[in-house]
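Since the structure comes first, as structure tokens, the remarks are kept for the end.
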Amino acid sequence: MPAPVQIPLKDAHSHHARHISSKNATKTDFLSSSPTLIIASGESPVASSPSSTIIAETIALARDHLDHSNTEELLNFDDDLSDDSQISNVAEDYVFGFDIDGVLIRGGHVIPEAKEALRLLNGENEEGIKVPYIFLTNGGGKTEQERCLDLTKQLDVAVSPEQFICGHTPMSEMATQYETVLVVGGEGEKCRHVAENYGFKDVITPGDLIKWKPSVCPFRKLTDEEYTNSRTRDFTNMNIEAIFVFADSRDWASDAQIILELLMSKEGRMSTVSETFDEGPPIFFAHNDVVWSTAYDLTRYGMGALRIMIEALYKESTGKSIDVTSYGKPSKATFDYATRVLQQWRKDLFSDPAPPQTVYFVGDTPESDIRGSNEYDKHSESDWFSILVETGVYEPGTEPRYKPKKTVANVLEAVKFGMERERRKRIQRGISLGSIGK
């Protein structure tokens, strides 16, 4: 039986993740600083199965441990999770990482094989093995909690926000560095809420600037709802310290107009123009995906295309190149953070500080998913095994610039392939099923 799991806590009353029903969850439920687990409504066998919560909860607690490593107070894992019947068959040596759009979800709808794939990982397989998994997605525009709630409802499986690493998640670390920031993209006020949830103190949106002076963007008129939600401010003497593109723009023309003005401004002040073009605020993009998969037959342009446009227009206007910082896949920072989470998970559950031997990363975009996984594999302690699915951006029959280690039809085939490969590795090493997790 594994050694007792030690988890540092924020208070003496919280020794496991809070369980919240996806049916009744509200925004207020997510305001607590405790790790959270979203439980499906219970209308399906998977949702009501205790095994479907084990992986999500253990990773939630591990990430909480990782993010609060200075906490001195340690308590044992909850008895029901440290029980041998619960975690003795948790795979110790390998994990899965998933992109979401084009792999599990497409155009807002669940890809048919996705639910079965997660059932297999949650222990509904011949050997009863439970395999840990996390989500590395460039998609954003909502809080991690809101995306987690959506995914739980769609897939009928327990999911923790701590399993999510979004493109804009690393930007939370800059909340202490910049105070007044412009946040671009997403639906309505959601990206403002994301930024405020990260701790940014003064969050401005393009709508605020248009409400201040409609002539900022002469071809855009705010809807009644946008006008009401936009905040009344005077930006005449205000310096905007940084620009964050959290999600895809809903109006490229107006967003680009505002972004470019600020980049060429004097210290981020609207209605000014720098003589040297080196006084503007820095700009950060949540990811670099040029195209993405939707319900439409062909791919659509995304945030990476907006970045290319901004860079081209800035150079055309100033004769200079603009420095841009991008996160998400294939950024190394995203994979570094995922590795730290998985390493902490193994340390907590198995008292082994090493990262997992193999990470099967499943994606649909060669330029971000496969490229990022392959490049990270070159210097990682783990074997990052890239798997490309044919349900998203990739067009079957074409030759991708960044080649995966394996190409399969869908996410279910990816999971079956990885689990079978690990089964054969165990046989070759002479490891019996009873040794898993011990």
Does a donor on one side chain sit under 3.5 Å from an acceptor on the other, for [X] and [Y]?
{"X": "K425", "Y": "T358", "result": "yes"}
{"X": "Y402", "Y": "S386", "result": "no"}
{"X": "Y360", "Y": "R421", "result": "yes"}
{"X": "N410", "Y": "T391", "result": "no"}
{"X": "T58", "Y": "W345", "result": "yes"}

Classify the angle between the aromatic ring planes of [X] and [Y] as parallel (below 30°), tilted (30 to 60°) or perpendicular (above 60°).
{"X": "F284", "Y": "Y178", "answer": "tilted"}
{"X": "F417", "Y": "F385", "answer": "tilted"}
{"X": "F98", "Y": "F96", "answer": "parallel"}

May I have the step-by-step check of side-chain contact (heavy atoms from CB on, under 4.5 Å) for L182 and L209, ending in yes or no?
CA-CA 10 Å; L182 175 71; L209 294 168; 4.1 Å; yes

Would you confirm whether the ring centroid of Y198 sits within less than 6.0 angstrom of the ring centroid of F244?
no

Out of curiosity, [X] [atom1] to [Y] [atom2], how far, rounded to the nearest 0.5 Å?
{"X": "F277", "Y": "S317", "atom1": "CZ", "atom2": "OG", "value": "8.0 Å"}
{"X": "S160", "Y": "L151", "atom1": "OG", "atom2": "CG", "value": "11.5 Å"}
{"X": "E146", "Y": "N197", "atom1": "CD", "atom2": "CG", "value": "10.5 Å"}
{"X": "I165", "Y": "Y327", "atom1": "CD1", "atom2": "OH", "value": "14.5 Å"}
{"X": "L313", "Y": "M264", "atom1": "CG", "atom2": "CE", "value": "8.5 Å"}
{"X": "Q357", "Y": "D383", "atom1": "CD", "atom2": "CG", "value": "9.5 Å"}

Looking at [Y], is its backbone amide N or carbonyl O close enough to the side chain of [X] to form a donor-acceptor pair, meaning the two atoms are under 3.5 Å apart?
{"X": "E241", "Y": "E179", "result": "yes"}
{"X": "N122", "Y": "I55", "result": "no"}
{"X": "S380", "Y": "Y376", "result": "no"}
{"X": "D251", "Y": "S254", "result": "yes"}
{"X": "N138", "Y": "G167", "result": "no"}
{"X": "R63", "Y": "E162", "result": "yes"}

For the pair R307 and N288, evaluate side-chain contact (heavy atoms from CB on, under 4.5 Å) and give the outcome as yes or no after the intermediate values.
CA-CA 8 Å; R307 176 190 58 78; N288 256 335; 2.4 Å; yes

Check this for me, if you would: do [X] and [Y] make a salt bridge, where the nitrogen-to-carboxylate-oxygen distance has to be below 4.0 angstrom?
{"X": "E422", "Y": "R426", "value": "no"}
{"X": "E113", "Y": "K416", "value": "no"}
{"X": "E367", "Y": "R401", "value": "no"}
{"X": "D208", "Y": "R192", "value": "yes"}
{"X": "E420", "Y": "R424", "value": "yes"}

What's the verdict on side-chain contact (heavy atoms from CB on, under 4.5 Å) for L61 and E57, showing C-alpha distance, side-chain angles and the deciding distance?
CA-CA 6 Å; L61 292 167; E57 183 155 9; 4.1 Å; yes

If I compare all heavy atoms of P132 with all of V95, which pair ends up nearest, and what's the gap?
CG-CG1, 3.3 Å

Shortest non-hydrogen contact between G128 and N89, atoms and distance
O-CB, 3.6 Å

Among D369, D364, L388, which one satisfies side chain to side chain contact (heavy atoms under 4.5 Å, CB included) with V393?
D364

Taking the side chain as everything from C-beta on, heavy atoms only, tell me whether [X] gets closer than 4.5 Å to [Y].
{"X": "I243", "Y": "L263", "answer": "yes"}
{"X": "V183", "Y": "V194", "answer": "no"}
{"X": "P206", "Y": "V184", "answer": "yes"}
{"X": "Y394", "Y": "I370", "answer": "no"}
{"X": "D377", "Y": "K405", "answer": "yes"}
{"X": "H379", "Y": "E375", "answer": "no"}
{"X": "L120", "Y": "E116", "answer": "yes"}
{"X": "Y133", "Y": "V415", "answer": "no"}

Would D248 and Y301 satisfy side-chain hydrogen bond (donor to acceptor under 3.5 Å, both in side chains), going step by step from the backbone distance to the final call?
CA-CA 9 Å; D248 288 306; Y301 288 112; over 6 Å; no

Please evaluate residues T137 and R147 with respect to the criterion side-chain contact (heavy atoms from CB on, under 4.5 Å), reporting the C-alpha separation (whole Å), side-chain torsions for both, the decisive distance (0.1 Å), and the verdict.
CA-CA 11 Å; T137 174; R147 290 220 69 187; 3.5 Å; yes

